[in-house]
Structure formats: structure tokens, C-alpha cells
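Note that the structure is a prediction, hence the values are computed from the model and not measured.
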Number of protein chains: 2
Amino acid sequence: MSTTKFSRQRESIKEYLRNTKEHPTADTIYMKIREKYPNISLGTVYRNLNLLVEHGEIIKLSTGNGSDRFDGNAAPHYHFICTECSAVEDLEIPEEVFDQLNELAGKGFSGKIEGSSTFFYGKCKNCLS
Amino acid sequence: MSTTKFSRQRESIKEYLRNTKEHPTADTIYMKIREKYPNISLGTVYRNLNLLVEHGEIIKLSTGNGSDRFDGNAAPHYHFICTECSAVEDLEIPEEVFDQLNELAGKGFSGKIEGSSTFFYGKCKNCLS
DNA sequence: TGGTAGCTTGATAATGGTTACTATTATCGG
DNA sequence: CCGATAATAGTAACCATTATCAAGCTACCA
């Protein structure tokens with residue numbers, strides 16, 4: 001089996017994601033990390049993002065429109081996507097709401113529901129004006 | 001402005017989607033329609049699927065894993081995705097749950113929430129055994 | 001009917017996001 | 001410091017989807 005070795009590139013990606021409220025795409029992350037490591041490769045960014053997702057250190061958001069986005073906050077929480085500017089924001093919703101939802105969904109269903117993923121859509125504060 | 005003209009290819013796609021409980025990908029639809037129209041082009045399938053989505057006659061499901069899927073049932077309802085075999089199934093959840101969820105999400109949020117999209121994950125009946 | 005404006009098609013090229021490949025470089029336990 | 005092997009940069013390949021365009025259909029009206 002394979003162990004995971006340290007890499008400064010991966011550390012840099014983790015640090016950037018931990019310190020931003022935005023939900024950047026792989027390409028945005030690539031641009032950012034290049035400021036510090038000018039020859040980092042886009043493939044390296046993707047490889048490390050997937051590694052971090054597998055390790056449960058970050059979350060991948062597949063919004064369906066365009067590129068995936070990444071969230072350095074791995075704790076379960078919910079997201080809003082602006083239909084006008086595509087910005088992604090965190091939402092404050094009590095966690096038990098989703099347990100209830102999952103339970104509700106399981107009624108009359110013959111398989112086993114283990115989780116769910118929700119995106120909320122609308123207009124963000126900026127785009128409302 | 002542009003009017004929409006009849007096309008037998010589009011009718012065939014609509015008919016197929018109306019009569020299946022599966023949630024096929026564009027490619028699966030392409031394969032199916034080819035049985036009747038052997039020289040239909042994949043581009044034609046995509047173009048018509050997008051048209052039908054715009055007209056609100058079908059629904060596009062961007063699951064995040066692989067290709068988008070399409071649903072001939074345009075009425076709002078929820079979906080379950082098997083994490084093992086990727087099958088997509090319909091779920092029976094009362095519609096007002098949507099509204100409650102969206103309202104809940106809007107509390108303490110400075111933008112305007114207009115809708116949401118949820119996917120439930122787990123193991124389907126077949127994959128449980 | 002026949003003509004015609006312009007929507008639709010099939011074929012294929014192009015695009016965009018992501019992953020795979022490979023020679024070289026970095027990490028780390030001994 | 002060595003050696004094994006994971007990680008990297010650079011680049012090609014991949015896949016789903018969209019764009020392009022000449023030729024074919026549809027709808028509508030004379």
C-alpha cells in the first residue's frame with residue numbers, strides 16, 4: 001500500500017482553502033498557488049484536490065454549472081448558488097434538518113438512504129440590487 | 001424571434017423519455033433513438049434535450065458523477081442515486097417539504113432563495129443484497 | 001399544389017474540464 | 001548520505017458537451 005508524503009504544494013493548497021470564504025474552482029486555486037509556486041502544474045492542483053477530498057480534509061461541490069468548486073470547511077453545511085453571478089455562499093441551517101429530510105425520504109423507499117446533498121438557488125445580495 | 005418547428009427526432013426523444021422510469025444519459029437516449037432513426041446525430045440529441053429542458057417539458061439532472069441524466073417527468077420530485085451502481089430512482093416526498101426547506105434556508109440569509117435541488121445517496125434495493 | 005423563409009438536421013470540428021502518462025525531483029526512514 | 005518510492009511539471013489524452021455549416025424539412029401563404 002502507499003503512504004502519503006508531505007508536499008509543499010499540497011500544504012499551500014490546504015492553507016489557501018482554509019483561509020478563504022470563497023469556494024474556488026481548481027483553476028482559481030491554480031492561479032492563486034502560482035503566486036507562490038510559479039511552476040506548479042494544473043494537474044498537480046487537481047491531483048491534490050482529489051487526494052484531500054478522499055482524506056476528508058476538504059469538500060468538492062459539483063454544482064452542475066461549469067467547474068467543480070472546493071470548500072476548505074469539511075464540516076457538513078449547506079450552500080447557496082447565485083443564478084446570476086454563480087457565486088457560492090455558505091448557509092446556516094441546523095444540521096438536524098437534514099437528518100429529518102433523509103428520514104422522510106426513506107419512507108416507502110426500498111433501498112437504504114445514507115445521505116443527501118442540497119444546493120439552494122436564487123439571487124445573492126449583490127445581484128438583488 | 002424564433003418559433004419552434006416540429007421534428008420527428010424531437011418527438012421520438014420526448015416519447016422515449018415519457019415512457020421510461022429510468023433516467024438515461026444523452027448517450028443512452030442517442031443509442032435508443034438510433035433504433036428508429038439510424039442516422040440521428042448525437043448533437044441533435046443534445047440540442048433537443050436542451051430545448052425540451054428550456055420549454056419545461058423534461059428535467060436535467062446534474063448528478064456530479066459523469067454525464068447528466070434526463071427525466072421525462074417534469075413535475076417537481078426528488079431523486080435517489082445509488083453510490084454503488086449509479087442508478088437513479090424517483091422518490092416519493094410530499095411537495096411542501098421543498099417549500100419548508102427553502103424557507104428554512106432563507107432565515108438569516110441576505111439574498112433571496114428561489115429554489116433548491118437535492119439528491120439522496122445510498123444503496124439501492126439491488127445493491128443491498 | 002408550389003415556393004420560400006428560416007428552423008432543424010447530420011457530420012464533424014472545437015471546447016472546457018479533468019485525468020493519465022512519464023521522466024525527473026523531493027521526501028523520509030534506515 | 002542512500003535507496004525506495006511518492007510527488008511533481010509538463011504535456012498529451014479523454015470525455016461530455018457545444019458550435020459550425022451545408023443540406024434537408026416544415027409551416028405557411030399565394
Side-chain angles (χ1 to χ4, degrees), chain A residues 1-17 22-55 57-71 81 86 88 119, chain B residues 1-17 22-55 57-71 81 86 88 119:
Chain A
M1 54 173 257
S2 78
T3 54
T4 302
K5 290 184 179 173
F6 174 90
S7 102
R8 50 191 77 191
Q9 291 90 336
R10 180 158 57 240
E11 283 310 302
S12 183
I13 291 171
K14 256 161 66 176
E15 193 205 338
Y16 169 51
L17 280 177
E22 323 215 345
H23 300 73
T25 62
D27 199 67
T28 303
I29 296 168
Y30 171 57
M31 296 303 199
K32 185 67 186 180
I33 305 300
R34 266 218 296 198
E35 292 174 9
K36 192 167 180 185
Y37 299 101
N39 13 344
I40 193 173
S41 143
L42 183 55
T44 298
V45 172
Y46 272 105
R47 187 170 359 88
N48 280 307
L49 286 172
N50 286 336
L51 237 171
L52 292 170
V53 168
E54 276 173 33
H55 290 184
E57 301 193 58
I58 66 172
I59 287 175
K60 181 196 288 198
L61 305 172
S62 296
T63 66
N65 327 315
S67 320
D68 289 347
R69 288 163 173 276
F70 295 88
D71 189 335
I81 301 170
S86 295
V88 177
F119 291 112
Chain B
M1 52 173 254
S2 77
T3 53
T4 301
K5 289 185 178 171
F6 174 90
S7 103
R8 51 190 78 190
Q9 290 90 336
R10 187 182 313 124
E11 283 311 300
S12 183
I13 291 171
K14 256 161 65 175
E15 193 205 339
Y16 169 50
L17 281 177
E22 324 216 344
H23 300 73
T25 62
D27 199 67
T28 303
I29 296 168
Y30 170 58
M31 295 304 197
K32 186 65 186 181
I33 304 300
R34 265 218 297 199
E35 294 175 8
K36 190 167 180 185
Y37 298 101
N39 353 333
I40 192 172
S41 144
L42 185 55
T44 298
V45 173
Y46 272 105
R47 187 167 1 88
N48 280 307
L49 286 171
N50 286 336
L51 237 171
L52 292 170
V53 169
E54 278 172 32
H55 291 184
E57 301 193 59
I58 66 173
I59 288 175
K60 182 196 287 199
L61 305 173
S62 296
T63 67
N65 327 315
S67 320
D68 290 345
R69 287 164 173 274
F70 295 88
D71 189 336
I81 301 169
S86 295
V88 178
F119 291 111

Item checked: Closest-nucleotide 5' rank along DNA chain D - winner of B/Gly66 and B/Arg47 -> B/Gly66
Note to self: Is any side-chain heavy atom of A/Phe119 closer than 4.5 Å to one of A/Leu61?
What the structure shows: yes
Margin query: Is any side-chain heavy atom of B/Val53 closer than 4.5 Å to one of B/Leu49?
Written below: no
Next item on the list: Using the test salt bridge (Lys or Arg N to Asp or Glu O under 4.0 Å), find all partners of A/Glu15 that sit at least two apart in sequence or belong to another chain.
Entry: none
Item checked: Under the salt bridge (Lys or Arg N to Asp or Glu O under 4.0 Å) test, residues paired with B/Glu22 that sit two or more places apart -> none
Margin query: Between the side chains of B/Lys14 and B/Glu11, is the shortest nitrogen-to-carboxylate-oxygen separation below 4.0 Å, so that they form an ion pair?
Written below: yes
Note to self: What is the first contacted nucleotide of DNA chain C and what is the last, in 5' to 3' order, if contact means an atom lying under 4.0 angstrom from a heavy atom of chain B?
What the structure shows: C/dA5 to C/dA11
Check: Which nucleotide span of DNA chain D, 5' end to 3' end, has atoms closer than 4.0 Å to non-hydrogen atoms of chain B?
Finding: D/dA16 to D/dA27
Next item on the list: Strictly below 4.0 Å, heavy-atom distances to any atom of DNA chain C: list the hits from residues 33-44 of chain B, or just say none.
Entry: B/Asn39, B/Ile40, B/Ser41, B/Thr44
Among residues at least two apart in sequence or on other chains, which ones pass side-chain contact (heavy atoms from CB on, under 4.5 Å) with [X]?
X	value
B/Ser62	B/Lys60, B/Asp68
A/Arg10	A/Thr4, A/Ser7, A/Asn48, A/Leu51, A/Leu52
A/Thr25	A/Asp27, A/Thr28, A/Ser67, A/Arg69

Please table the atom pairs, donor to acceptor, closer than 3.5 Å between any side-chain atom in residues 29-41 of chain A and protein atoms at least two apart or in another chain.
| residue | atom | partner | partner atom | Å |
| --- | --- | --- | --- | --- |
| A/Tyr30 | OH | A/Arg34 | NH1 | 3.4 |
| A/Ser41 | OG | A/Gly43 | N | 3.0 |

Check: Roughly how far, to the nearest 0.5 Å, is the OG1 atom of B/Thr63 from the CD1 atom of B/Ile81?
Finding: 5.0 Å
Notebook entry, point to check: Going from CD1 on B/Ile58 to CG on B/Asp71, what distance comes out if it is rounded to the nearest 0.5 angstrom?
Noted result: 8.5 Å
Note to self: Can you list everything that forms a side chain to side chain donor-acceptor pair (under 3.5 Å) with A/Thr44? Sequence neighbours excluded, please.
What the structure shows: A/Arg47
Next item on the list: Looking at every strand, decide which applies to B/Asp27 at a 4.0 Å heavy-atom threshold: base, sugar-phosphate, or nothing.
Entry: nothing
Check: For the helix from C/dT1-D/dA30 to C/dG30-D/dC1, what is the angle between the axes at its two ends, each from 5 pairs, rounded to 10°?
Finding: 30°
Checklist line | Which atom of A/Ala26 lies closest to which atom of A/Leu42, heavy atoms considered | finding: O-CD1, 4.3 Å
Next item on the list: Residues of residues 3-14 of chain B with any non-hydrogen atom less than 4.0 angstrom from an atom of DNA chain D: list those, numerically ordered, please.
Entry: B/Lys5, B/Phe6, B/Arg8
